[in-house]
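The analysis underlying the following values was restricted to heavy atoms, covering all of them including side chains, and did not include hydrogens, waters or symmetry mates. Owing to the predicted nature of the structure, the values given are computational and were not obtained by experimental measurement.
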Amino acid sequence: GAGGGNDIQWCFSQVKGAVDDDVAEADIISTVEFNHSGELLATGDKGGRVVIFQQEQENKTQSHSRGEYNVYSTFQSHEPEFDYLKSLEIEEKINKIRWLPQKNAAQFLLSTNDKTIKLWKISERDKRPEGYNLKEEDGRYRDPTTVTTLRVPVFRPMDLMVEASPRRIFANAHTYHINSISINSDYETYLSADDLRINLWHLEITDRSFNIVDIKPANMEELTEVITAAEFHPNSCSTFVYSSSKGTIRLCDMRAAALCDRHSKLFEEPEDPSNRSFFSEIISSISDVKFSHSGRYMMTRDYLSVKIWDLNMENRPVETYQVHEYLRSKLCSLYENDCIFDKFECCWNGLDSIVMTGSYNNFFRMFDRNTKRDVTLEASRENNKPRTVLKPRKVCASGKRKKDEISVDSLDFNKKILHTAWHPKENIIAVATTNNLYIFQDKMN
Amino acid sequence: MLGRGLKRKLSDYEENMAGLSSAFDSSRSLPYPLKRQLMLNMCLTKLQTYKMLVEPNLHRSVLIANTVRQIQEEMRQESNQQPVNICPGIAPSSHSYTGMDSSGISLQLPSGISPQESNCCDLRSVEDPIENSLLIVSDDDMSSAISSILKDLDFVEDISPPTCLVPTGDDQPKFPENTSLKLEDDRQDLKGAECVFGSFEISNSTSYLKDLAIDDIFEDIDTSMYDSDFCCPPLMLPRSPSLATEEPLKTFPSCNSSSANNIQLCRTDLSELDHIMEILVGS
């Protein structure tokens with residue numbers, strides 16, 4: 001449990017989204033991502049919208065809290081589409097958002113649904129030119145005969161307007177559903193991965209992409225494994241990894257061959273025979289893979305645990321953290337109601353010392369790699385007061401339930417936290433419940 | 001072939017399944033074969049449900065198919081190793097088929113009965129409700145369930161068409177339609193179409209279409225119009241648009257001629273033309 005002088009004390013900061021329990025399908029949050037500075041926080045939802053929050057400038061006198069996040073821009077990224085060839089509707093749900101590092105005044109991000117990736121430019125306009133010679137302020141042309149003097153138009157301040165415009169649309173390259181996008185450290189290329197293939201794109205070129213991984217068998221009946229996530233190495237621009245439904249991670253080097261079907265490294269932990277069950281393979285399926293900021297480690301999330309791998313050691317992870325081991329005895333029920341297929345994400349803090357992931361009942365978990373302590377917290381509107389320290393939660397697996405503990409059978413499996421994000425520099429976290437976004441901060445002084 | 005199963009409402013079925021999975025999770029006394037059978041049924045039910053979706057989820061389908069394969073392999077090994085086996089399913093009786101007709105699921109049941117059934121009499125007494133809801137599933141059924149859902153997920157693609165399909169060994173389904181599709185020529189545009197149509201294999205749906213002869217389907221269409229003596233050129237595939245427009249003219253070549261005989265023939269033609277017009281107009 002939590003405790004000790006160095007442990008972070010998390011406080012509620014803000015919550016965004018509708019209050020009522022009746023969740024509109026379109027409002028279901030499907031991805032959360034901080035930008036590289038942490039100043040902007042983007043969310044995508046099932047309705048194809050992107051909402052970007054901006055942290056307000058820190059007030060130096062208010063030392064007890066960091067700036068709040070307020071809505072900066074909202075736009076419709078993807079619309080529902082219909083594939084006439086296959087008679088299929090293409091969902092507009094945003095699967096992933098990835099920010100590009102900032103190069104100029106504008107911000108750029110990639111957002112993707114199942115089939116199409118889009119590059120969006122978000123730019124500010126806070127000045128406008130005034131004093132044209134031939135046009136009135138409302139745009140109408142002036143009668144030239146009324147012009148008696150000439151003047152130079154000047155820029156005058158206006159109310160801040162944030163505009164989002166699609167700059168590139170990368171379409172028609174994926175037959176199966178896109179599950180990941182990842183920007184290369186060269187900041188010129190990026191990869192997109194679906195169930196069976198990974199493609200490499202150049203950010204400037206939309207009519208062509210290179211297929212770098214293809215695991216589709218000649219005969220689909222032989223298919224036994226799919227790609228579940230992929231990511232570029234944060235520093236090495238020719239290295240990327242992809243995870244599979246069989247619990248393996250393959251590291252590939254693009255310099256080795258044009259088609260990276262042969263991995264450079266294969267990370268796989270041998271199965272624990274004492275834990276073998278009918279569900280072994282299903283729960284070993286990796287739902288997320290994330291490199292540490294340093295690039296030395298990578299983290300994978302499977303149904304019951306989080307594993308940290310050293311890139312130099314392929315045969316087993318260096319650390320394993322149990323997220324909700326008490327669910328192991330409930331796997332059949334979770335299989336029956338499809339919860340066993342839920343895809344939880346995971347994330348690192350800026351220092352790579354703590355990892356975080358979500359669970360059910362609106363619980364989320366953090367594991368401190370140094371102290372080996374872990375904590376379970378809850379995202380709930382009941383802890384609504386700012387600067388209230390969150391109380392750690394405990395789930396009682398079996399036997400006598402202590403006071404304040406929650407028994408496994410009373411967990412709400414409809415309240416799942418799949419998406420979490422950690423500010424790249426500060427102890428600020430964004431946690432998405434079904435349709436609400438919670439922001440927590442550590443208690444300062 | 002549908003058994004005379006009890007027709008159960010879907011909600012009852014769901015409740016039953018939830019109860020069964022709780023029993024699976026909590027009961028330590030549930031014998032392994034029963035657990036396995038339960039697992040198998042859940043997997044096959046899910047696969048069938050996914051098949052009915054417009055776009056099945058590839059990730060889930062593969063995971064479930066692998067679980068079925070794993071169970072299938074286990075059962076095969078058992079039947080190979082031991083002559084007197086643990087029964088792979090519960091002995092069938094009149095209620096060997098669940099009332100899942102309402103959802104349109106149809107696994108073909110083997111017409112024969114598993115020879116190992118005699119060994120499972122003691123299992124029958126264990127838990128009747130569970131027993132009543134389990135299917136007998138043969139090896140073939142499992143293979144066909146796996147292959148049909150995976151074939152469904154093979155989309156027609158322009159990007160990278162698959163190389164030639166090779167018929168593989170014994171874990172391929174035994175349906176003749178399947179084999180003939182696999183051994184077809186390698187022309188890739190056709191192959192793509194076949195993959196799409198593979199998902200609509202008659203063998204995997206209810207069998208009434210197979211039983212009917214083609215002629216029976218068209219029985220109720222009135223073809224008397226086509227039986228007349230009116231000279232009609234045999235239907236040809238249109239070779240080009242220009243030819244198609246020329247054909248009606250060819251039908252009445254005699255009308256163009258100015259000879260007396262031809263005028264005579266022309267009149268006959270015209271009256272027949274009137275006749276046709278009457279039919280078309282429906283007077």
Side-chain angles (χ1 to χ4, degrees), chain A residues 83 85-91 114 172-177 179 194-197 199 209 211 214 216-228 244-246 259 276-285 287 327-338 340-341 343 398 408-409, chain B residues 14 17-26 35-36 38-40 42-43 45-46 54-55 57-71 74 143 146-168 171-173 178 182 195-196 198:
Chain A
D83 181 338
L85 186 65
K86 296 170 202 157
S87 278
L88 293 172
E89 196 175 283
I90 299 169
E91 250 201 307
D114 285 338
N172 301 322
H174 285 279
T175 307
Y176 299 95
H177 288 186
N179 52 54
D194 67 31
D195 292 314
L196 297 178
R197 298 194 177 100
N199 294 332
S209 72
N211 176 240
D214 187 342
K216 184 178 177 185
N219 184 352
M220 277 295 266
E221 292 165 23
E222 292 161 12
L223 182 64
T224 57
E225 196 173 8
V226 300
I227 298 170
T228 52
S244 82
S245 56
K246 284 197 169 173
L259 188 63
R276 179 125 189 86
S277 75
F278 292 115
F279 308 102
S280 293
E281 186 179 315
I282 298 177
I283 63 169
S284 75
S285 176
S287 51
L327 295 182
R328 194 180 287 275
S329 57
K330 304 280 176 198
L331 291 178
C332 191
S333 308
L334 292 165
Y335 176 70
E336 201 266 313
N337 63 18
D338 281 348
I340 209 174
F341 300 111
K343 293 187 186 171
S398 59
V408 183
D409 296 315
Chain B
E14 279 170 356
M17 284 312 294
L20 288 174
S21 44
S22 302
F24 186 111
D25 279 332
S26 50
K35 271 192 170 183
R36 184 172 61 190
L38 182 58
M39 188 68 206
L40 185 59
M42 283 176 66
C43 290
T45 309
K46 277 196 190 288
V54 180
E55 199 177 11
N57 182 315
L58 182 58
H59 178 229
R60 289 190 194 187
S61 303
V62 167
L63 287 174
I64 297 171
N66 286 352
T67 310
V68 174
R69 279 190 186 111
Q70 176 197 325
I71 294 175
E74 219 176 82
S143 300
I146 296 170
S147 61
S148 74
I149 186 81
L150 291 177
K151 281 177 70 135
D152 267 357
L153 293 159
D154 193 2
F155 292 110
V156 179
E157 293 179 76
D158 301 318
I159 323 169
S160 44
T163 48
C164 59
L165 296 172
V166 177
T168 57
D171 47 9
Q172 290 310 312
N178 260 353
K182 271 186 245 166
C195 286
V196 170

All side chain to side chain contact (heavy atoms under 4.5 Å, CB included) counterparts of A:Asn211, not counting sequence neighbours
A:Arg197, A:Asn199, A:Asp214, A:Leu259
Answer key: most heavy-atom pairs under 4.5 Å with chain A among B:Asn66, B:Ile71, B:Thr67 is B:Asn66
Chain A shares the most heavy-atom pairs under 4.5 Å, among B:Ile64, B:Leu58, B:Ile146, with B:Leu58
Could you work out, with side chain to side chain donor-acceptor pair (under 3.5 Å) as the rule, every residue matching A:Ser245, not counting sequence neighbours?
none
Side chain, backbone, both or neither: which part of [X] has a non-hydrogen atom closer than 4.5 Å to chain B?
X        : answer
A:Ile340 : neither
A:Thr228 : side chain
A:Ser285 : side chain
A:Tyr335 : both

Test A:Glu281 against every option in A:Arg276, A:Glu225, A:Lys246 by the side chain to side chain contact (heavy atoms under 4.5 Å, CB included) rule and name the one that passes.
A:Lys246
For a quick test of reading the model, state the closest non-hydrogen atom pair linking B:Ser61 to B:Asn57 and the distance between them.
OG-O, 2.7 Å
Sidechain N-carboxylate O distance under 4.0 Å for A:Asp195, A:Lys216
no
